Amino acid sequence: MDNLINFVGFDFRMSIMETRNLVTMLVLLVAAVVSAADVEQVHISLGNAKDSGITVTWLSNVTLDWQVEFGIVGGANTTVSPSSTDNYDFSVVNASDGSCYTYTSPNIFTAVVGPAAAPFIKPGATIYYRIFADGADSADFSFRVPPGAGAPVKLAMIGDLGQTVNSSSTIDHVISGTGDGSTYDAAIIVGDLSYADAENLGKCEHPGGCEPTRWDSFGRMFEPLGAVVPTMTTPGNHEIELANEFDLAAAGAAGCDVTTVPFLEYRHRWFHYTTDSPDALHYSWDIGNVHNVMLNSYSRYVDDKWNTSSSDQYMWLAADLKAVDRAVTPWILVHLHAPWYNSNSHHRGEAEEVEIMALFEPLLHANNIDVIFAGHVHSYERTHQVLNGKLATGPSFIEINIGDGGNREGPAVPWCDPISLFPWSAYRDAEFGHGTFETANNTHARWTWHRNNVSETDAPGDDIWITKSGEGLRIFDAVPTPQGDTGIEWVVGRQHEHVDDPRYGRRETRRSYDPCPSL
């Protein structure tokens with residue numbers, strides 16, 4: 001006996017057994033589709049970089065016995081249960097109507113795996129993984145295990161990403177690699193991720209508004225990169241999300257609860273499992289021959305002693321730098337949000353810049369760090385060697401500001417003119433982009449800054465070799481000659497700036513805290 005089946009407008013005549021098989025297939029198909037949709041915002045980070053640990057984070061509104069399976073093609077595999085399951089509430093007064101609003105996040109799952117549980121997780125190996133529950137899978141993902149201790153690395157550098165078409169462009173560029181078919185070992189975001197600004201619900205004039213759900217839309221947007229390249233982050237000012245005194249007064253008058261914990265949403269979603277740090281807002285990690293220090297420019301919201309040598313962050317940093325083995329990780333990169341050297345008219349003279357710099361710069365200089373990466377100012381700028389707010393007279397570090405990842409406020413202009421007012425400024429350009437820091441060995445690294453309006457295969461906007469010796473850093477154009485020599489050296493007095501490009505639309509006009517200096 002046959003059954004007449006109508007499926008999407010077409011009739012099919014099937015036996016009872018065939019009907020049962022079809023029903024089974026459809027149930028499995030629907031289960032897979034549903035579960036894939038319910039596993040979202042997947043991103044990976046380095047759990048404990050010293051033993052190649054990998055952390056997988058994902059969100060889901062469905063309560064199931066989720067698992068993560070890791071494996072290699074044609075080889076071994078292992079299954080790991082989540083090490084933590086979390087969610088949170090964010091409460092705020094909706095300024096548009098005075099109502100109480102509480103957002104409850106999806107469940108946040110994290111699973112950590114390392115060589116102890118999965119011996120096949122070795123430097124350079126391609127690992128495939130899937131998140132599944134009750135026989136239903138998410139999409140399949142893969143990542144390359146970062147290089148081992150002391151090996152060269154390639155890092156993607158992003159700042160002030162946001163979630164605009166320019167943000168998507170940055171992500172697409174990074175996913176495409178570096179133009180030579182290679183991929184990144186890790187990505188770094190120096191603060192200002194989602195621009196959720198949830199504390200401003202109902203009083204936000206920015207495109208897309210301000211609300212907690214923007215953390216979810218950001219996670220979905222970032223997944224194509226975050227699920228395949230380990231991503232490490234620092235907090236920016238847009239991660240604070242703290243009610244001000246007027247918000248608290250309004251909440252009290254309306255009888256509303258309001259979130260009073262700074263960095264609440266960021267901490268829950270972008271916690272990094274690393275060793276030797278008591279706080280996810282500042283930590284360090286090693287990858288290949290690079291030691292990365294992640295600092296919190298806004299520690300004053302969590303530490304009353306934030307601008308003193310008794311602060312938790314300062315004491316931790318002093319111990320961390322002392323423990324670095326420069327024979328294994330000769331390169332030290334420091335990542336923070338608020339820049340110390342800035343010739344733009346925006347974000348000048350803020351306490352998070354001036355006081356953090358006064359406290360931390362002598363410590364970093366004494367430990368011979370190489371590069372500081374910062375964001376906050378939505379333009380690109382690279383310095384010569386600097387110290388004490390001016391050109392260094394001896395060996396020191398350089399600073400690179402990459403706050404041009406795609407934020408919703410537009411590239412920051414104008415610059416303080418002329419550039420000669422800032423003899424320490426080497427290169428500046430107000431366009432959206434991202435960067436690549438790639439070590440060749442213990443003494444040579446290549447830095448490239450890529451404009452988003454060109455292909456990754458096109459010439460970068462800024463392209464240099466950073467060389468180091470006992471006499472400090474030297475910077476050269478990365479333009480090799482047929483003889484293999486590098487290009488022209490970036491000596492003091494050499495400066496470059498790109499003229500304003502009208503193609504980038506709306507520009508920031510926010511008033512700065514400190515006016516530009518005059519001639």
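Note that the coordinates shown come from a computational prediction; the quantities given were computed from them, not determined experimentally.
Distance alone, capped at 3.5 Å, places no donor-acceptor pair between the Asn401 side chain and the Gly375 backbone. Using modelled atom types, one side-chain atom of Glu239 and one backbone atom of Asp192 make a donor-acceptor pair closer than 3.5 Å. At distances below 3.5 Å, at least one donor-acceptor pair connects side-chain atoms of Lys468 with backbone N or O atoms of Pro330. With hydrogens and angles disregarded, a donor-acceptor distance shorter than 3.5 Å links the side chain of Asn407 to the backbone of Gly410. Between the side chain of Glu431 and the backbone N or O of Arg451, no donor-acceptor pair lies under 3.5 Å. Put simply, the side chain of His282 never gets that close to the backbone of Trp316: no donor and acceptor are under 3.5 Å apart. In this structure a side-chain-to-backbone donor-acceptor pair under 3.5 Å is present from Glu381 to Ser343.
For the atom pair Glu205 CD and Cys210 SG, the distance stands at 9.5 Å (nearest 0.5 Å). Interatomic distance, CZ of Phe476 versus NE2 of His444, reported as 8.0 Å (0.5 Å rounding). Distance CH2/Trp415 to NE2/His346: 9.5 Å, rounded to 0.5 Å. Taking CD1 of Ile402 as the start and NE2 of His434 as the end, the distance is 10.0 Å to the nearest 0.5 Å. Here the OG atom belonging to Ser217 is positioned 8.0 Å from the CD atom belonging to Glu211, to the nearest 0.5 angstrom. Here NE2 of His347 is found 10.5 Å from CD of Glu352. Values are rounded to the nearest 0.5 Å.
The pair Asp286-Arg326 does not meet the salt-bridge criterion, since no charged nitrogen lies less than 4.0 angstrom from a carboxylate oxygen. Ion pair Glu438/Arg446 not flagged as a salt bridge, since none of the NZ, NE, NH1 or NH2 atoms sits closer than 4.0 Å to an Asp/Glu carboxylate oxygen. For the pair Arg382 and Asp429, the salt-bridge criterion is not met [side-chain N within less than 4.0 Å of a carboxylate O]. A salt bridge links Arg428 with Asp417: the closest approach of a Lys/Arg side-chain nitrogen to an acidic carboxylate oxygen falls below 4.0 angstrom. For Arg269 and Asp216, the salt-bridge test passes: some basic side-chain N is under 4.0 Å from an acidic carboxylate O. Using a cutoff of 4.0 Å between basic side-chain nitrogens and carboxylate oxygens, Asp477 and Arg494 are scored as salt-bridged.
Within the 4.5 Å cutoff, no side-chain heavy atoms of His384 are placed close to those of Ile398. With contacts defined as side-chain heavy-atom distances shorter than 4.5 Å, the pair Tyr129/Ile44 qualifies.
In this structure, Tyr314 has its ring center under 6.0 Å from that of Phe360. A centroid separation of less than 6.0 Å is found between the aromatic rings of Tyr427 and Tyr380.
For the residue pair Gly209 and Arg214, the shortest heavy atom distance occurs at O-CD, 3.2 Å.
Using cut-offs of 30° and 60° for the angle between ring planes, the Trp215 and Phe218 rings count as perpendicular. Classified by interplanar angle (parallel below 30°, tilted 30° to 60°, perpendicular above 60°), the ring pair Trp424/Tyr341 is perpendicular. His335 and Phe373 have parallel rings, their planes meeting at less than 30° on a 0 to 90° scale where 60° marks the start of perpendicular.
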Step-by-step side chain to side chain contact (heavy atoms under 4.5 Å, CB included) determination, Ile369 to Ile372: CA-CA 8 Å; Ile369 69 105; Ile372 292 177; 3.8 Å; yes
Should Tyr195 and Asp160 be marked as a side chain to side chain contact (heavy atoms under 4.5 Å, CB included) after you check the CA-CA gap, both sets of side-chain angles, and the distance that decides it? CA-CA 9 Å; Tyr195 286 79; Asp160 301 70; 3.3 Å; yes
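Both tests do not hold together for Arg474 against Trp465: distance to the six-membered ring centre under 6.0 Å, angle to the ring axis within 45°.
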